[in-house]
J.: 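Structure incoming, see below.
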Amino acid sequence: MSTTSTDHDPLHQPAAPIVTEPVPDLQLQMLVRLMGEDAQAALPITLTVGGAFLHGDLISHEAWTTDWARGLHGMDGPGAQLLERFPQQVDEAVRDKQGGPGPQRLPQWIHLRDATGVTAGGSAVMPLWRGRLTDVSGWSLGRPKQP
């Protein structure tokens with residue numbers, strides 16, 4: 001039985017499956033981190049998420065949390081009082097999970113105010129929106145203009 005030179009060549013062996021994870025756009029992560037330096041800042045942006053367009057004002061996590069808490073305080077009905085401290089409890093849980101202060105990490109989430117989602121079926125307006133940066137497949141500064 002004869003062997004060829006490729007029998008022991010790792011480049012010609014069957015490949016094992018490769019597991020890949022989505023990677024956020026580094027420039028967008030840096031922009032989100034920059035916006036985090038000023039809770040009053042807002043920047044118009046358009047995102048592509050899941051094949052749909054989403055546009056609104058990019059805001060910091062702090063601004064989003066403040067607006068979210070304000071919205072939760074205005075809710076009525078049974079159990080509404082349980083939501084009063086929810087945003088602070090979430091932030092505390094995240095800090096506890098991450099441990100003490102460490103190197104500044106790049107953000108994993110993006111926050112919009114006055115977000116409009118546009119799909120082939122129509123559009124929806126949301127006062128606040130939060131999404132994973134790994135789910136954003138494209139972005140552009142500014143809002144779409146009508147042709």
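When a residue number appears, it is its place in the shown sequence, counting from 1. What you see is a predicted model, and the numbers here were worked out from it, not measured in a lab.
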J.: To the nearest 0.5 Å, what is the distance between CG (Leu26) and CG (Leu31)?
T.: 11.5 Å

J.: Do any pairs count as a side chain to side chain donor-acceptor pair (under 3.5 Å) and have a residue in residues 122-133, sequence neighbours left out, and if so which ones?
T.: His111-Arg130, Arg132-Asp135

J.: Hydrophobic clustering (ILVMFWY, side-chain heavy atoms < 4.5 Å, transitive) - are Val49 and Leu43 grouped together?
T.: yes

J.: side-chain contact (heavy atoms from CB on, under 4.5 Å) between Ile59 and Leu128: does it pass, once the steps are laid out?
T.: CA-CA 10 Å; Ile59 59 174; Leu128 291 172; 4.2 Å; yes

J.: Just how far is it from atom CD1 of Ile45 to atom NE2 of His55, taken to the nearest 0.5 Å?
T.: 12.5 Å

J.: I need the minimum non-hydrogen distance between Gly56 and Leu112, along with the two atoms involved.
T.: N-CD1, 4.4 Å

J.: Find the distance between CD (Glu62) and CD (Gln40) and round it off to the nearest 0.5 Å.
T.: 8.0 Å

J.: Would you say Leu58 and Leu141 are hydrophobically clustered, going by side-chain heavy atoms of ILVMFWY under 4.5 Å?
T.: yes

J.: Can you name the nearest heavy-atom pair linking Ser60 to Ala39, along with the distance?
T.: OG-CA, 3.5 Å

J.: Of all the heavy-atom pairs spanning Pro22 and Thr134, show the shortest one and how long it is.
T.: O-CG2, 3.5 Å

J.: Which atom pair, heavy atoms only, marks the closest approach of Thr46 to Gly142?
T.: OG1-O, 2.7 Å

J.: Rounded to the nearest 0.5 Å, how far apart are CZ of Phe53 and OG1 of Thr48?
T.: 4.5 Å

J.: Can you establish whether the number of heavy atoms outside Gln29 located under 6.0 Å from its atom CD is more than 12?
T.: yes

J.: Give the intermediate values and the outcome of side-chain contact (heavy atoms from CB on, under 4.5 Å) for residues Leu133 and Leu106.
T.: CA-CA 10 Å; Leu133 281 164; Leu106 287 172; over 6 Å; no

J.: Just how far is it from atom OG1 of Thr119 to atom CG of Leu54, taken to the nearest 0.5 Å?
T.: 11.0 Å

J.: Starting from Val32, can I reach Trp139 by hopping between I/L/V/M/F/W/Y residues whose side chains sit under 4.5 Å apart?
T.: yes

J.: If you look at every heavy atom in Arg143 and Pro44, which pair is closest and at what distance?
T.: CG-CB, 4.0 Å

J.: Hydrophobic clusters here meaning ILVMFWY residues chained together by side-chain heavy-atom distances under 4.5 Å, can you tell me if Met126 and Val136 are in one?
T.: yes

